> 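My questions will all concern the structure given below.
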Amino acid sequence: MRIAVIGATGMIGSRIAAEAAQRGHAVTAVSRSKRADAASNMSTVAADATDAAAMRALAHGNDALVLATRPAPGAEHLVRDPARIVLAAAQDAQRRVCAIGGSAPLKTPDGTGLVIDDARFVPAEWQTFARASVEQHDECTRSLAEWVYVSPPAVIEPGRRNGSYVLGTDTLLVDDAGVSWISAEDFAVMVVDQLEAPPSSIRHLTARA
């Protein structure tokens with residue numbers, strides 16, 4: 001496959017790009033500042049996700065787009081534009097979009113509400129980013145493109161690639177000890193697995209270790 005990873009220098013985007021390239025896919029690593037190639041089958045492009053013309057070109061030149069941008073602290077209100085523009089580009093080119101979001105739009109494990117409203121998972125200091133994740137998900141639900149929104153568990157951080165995970169849909173996953181966690185490496189494994197799988201009617205996915 002030809003896969004464009006938009007936000008390829010971030011913690012999650014860089015690992016998705018590396019995982020896809022390792023599996024032999026032709027990866028276009030997109031970021032605001034071009035960086036050196038990480039693999040022979042990975043090219044790099046300097047572009048902003050809010051550049052509609054650049055996103056249309058990427059959509060027409062690839063089989064799938066991964067939107068893995070993350071707003072800078074204080075710029076969370078800008079999260080809608082990249083989602084809207086990338087989704088529009090994908091719709092125009094009839095390509096798939098995998099939007100990497102946050103856990104806030106997921107249902108709580110007990111089904112009583114959303115993660116964003118549960119202080120066990122989203123403390124006050126994370127609320128601004130959590131609201132941005134909900135807005136990003138809302139933007140996806142209004143799009144006619146072929147999209148899937150992928151939420152990490154409550155905690156995602158650099159770690160070891162084990163190559164395994166527990167897959168879920170629109171509800172936050174916790175283990176028997178109540179922990180909701182995954183390494184960024186195994187999250188990338190899940191994302192690339194989904195890109196390799198046939199399109200599904202399920203529009204919201206998550207995973208945990």
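Quantities reported herein were computed from a predicted structural model and do not represent experimental measurements.
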> Using atom types as modelled and distance alone, determine if a side-chain donor or acceptor of Gln136 lies under 3.5 Å from a backbone N or O of Val134.
no
> For Trp126, I'd like to know if atom CH2 has over 12 heavy atoms of other residues, nucleotides or ligands within 6.0 Å.
no
> Assess whether side-chain contact (heavy atoms from CB on, under 4.5 Å) is satisfied between Ile100 and Ile16, documenting all intermediate values.
CA-CA 10 Å; Ile100 310 301; Ile16 294 171; 4.0 Å; yes
> Rounded to the nearest 0.5 Å, what's the gap from CD on Glu146 to CG on Leu65? Could you check?
11.0 Å
> About how many Å separate CZ of Arg84 and OG of Ser143, when rounded to the nearest 0.5 Å?
11.0 Å
> Using the rule that two of Ile, Leu, Val, Met, Phe, Trp, Tyr join whenever any of their side-chain heavy atoms come within less than 4.5 Å, decide whether Phe129 and Val150 are in one cluster.
no
> Asn41 side chain to Ala26 main-chain N or O, any donor-acceptor pair under 3.5 Å?
no
> Heavy atoms only: give me the nearest Ala4-Leu58 pair and the separation to one decimal.
CB-CD2, 4.3 Å
> Report, as yes or no, whether the 6.0 Å neighbourhood of atom CZ on Arg95 holds more than 12 heavy atoms from other residues, nucleotides or ligands.
yes
> Please check: side-chain N/O of Ser183 versus main-chain N/O of Arg160, any donor-acceptor pairing under 3.5 Å?
yes
> Please find the pair of heavy atoms, one from Val27 and one from Ala17, that lie closest to each other, and give the distance.
CG2-O, 3.8 Å
> Between Ala184 and Met11, what is the shortest heavy-atom contact and its length?
CB-CG, 4.2 Å
> Could you state the interatomic distance from CG (Asn162) to CD (Glu185), rounded to the nearest 0.5 Å?
9.5 Å
> Closer than 4.0 angstrom, basic N to acidic O: yes or no for Arg15 and Glu19?
no
> Give a yes or no on whether the backbone of Thr169 and the side-chain of Thr206 come within a donor-acceptor separation of less than 3.5 Å.
no
> Apply the side-chain contact (heavy atoms from CB on, under 4.5 Å) test between Trp147 and each candidate in Leu67, Thr141, Val86; give the one that qualifies.
Thr141
> Would you name the heavy atoms of Pro152 and Gly101 that are closest together and state the gap between them?
CD-O, 3.2 Å
> side-chain contact (heavy atoms from CB on, under 4.5 Å) for Leu205 and Gln194? Distances and angles first, verdict last.
CA-CA 9 Å; Leu205 295 172; Gln194 298 310 309; 3.6 Å; yes
> Using a 3.5 Å distance criterion without hydrogens, assess whether the side chain of Gln127 forms a donor-acceptor pair with backbone atoms of Ile116.
yes
> Considering residues at least two apart in sequence or located in another chain, which fulfil the side-chain hydrogen bond (donor to acceptor under 3.5 Å, both in side chains) criterion with His137?
none
> What's the separation between atom CG in Asp92 and atom CE in Met55, rounded to the nearest 0.5 Å?
13.5 Å
> Can you establish whether the number of heavy atoms outside Gln94 located under 6.0 Å from its atom CD is more than 12?
no
> Taking the side chain as every heavy atom from C-beta outward, state whether Ile202 and Val148 have any atom pair closer than 4.5 Å.
no
> State yes or no: do Ile182 and Phe121 share one hydrophobic cluster built from I, L, V, M, F, W and Y residues joined by side-chain heavy-atom distances below 4.5 Å, directly or via other members?
no
> Is the side chain of Ser180 donor-acceptor paired with the backbone N or O of Leu173 at a distance under 3.5 Å, no angle test?
yes
> Between Thr112 and Asp110, do the side chains contain an N or O donor and an N or O acceptor separated by less than 3.5 Å?
yes
> Please tell me whether Leu172 and Tyr149 are part of a single hydrophobic cluster in this structure, the criterion being side-chain heavy atoms less than 4.5 Å apart.
no
> Give the minimum heavy-atom separation between Ala8 and Val5, together with the two atoms involved.
CB-O, 3.5 Å
> Using the rule given for side-chain contact (heavy atoms from CB on, under 4.5 Å), can you reason through Glu135 versus Glu76, listing the C-alpha separation, both sets of side-chain angles and the distance that settles it, and then say yes or no?
CA-CA 10 Å; Glu135 291 175 2; Glu76 291 86 359; over 6 Å; no
> With a 4.5 Å limit on heavy-atom distance, are the side chains of Leu106 and His204 in contact?
yes
> Is Phe187 linked to Leu167 within one hydrophobic cluster, defined over Ile, Leu, Val, Met, Phe, Trp and Tyr using a side-chain heavy-atom separation of less than 4.5 Å?
yes
> Do Leu144 and Ile85 share a hydrophobic cluster, counting only Ile, Leu, Val, Met, Phe, Trp and Tyr and linking them when any side-chain heavy atoms are less than 4.5 Å apart?
no
> What's the separation between atom CZ in Arg2 and atom CG in Asp63, rounded to the nearest 0.5 Å?
4.5 Å
> Could you grab the distance from atom CG of Asn62 to atom OG1 of Thr28, nearest 0.5 Å is fine?
4.5 Å
> Between Asp186 and Gly163, is there a donor-acceptor pair closer than 3.5 Å when you use the side chain of the first and the backbone of the second?
yes
> For Ala49 and Pro82, which heavy atoms make the closest approach, and how far apart are they?
CB-CB, 3.8 Å
> Is the closest side-chain heavy-atom distance between Gln91 and Leu87 below 4.5 Å?
no
> Salt bridge check: are Arg23 and Asp193 linked by an N-O gap of less than 4.0 Å?
yes
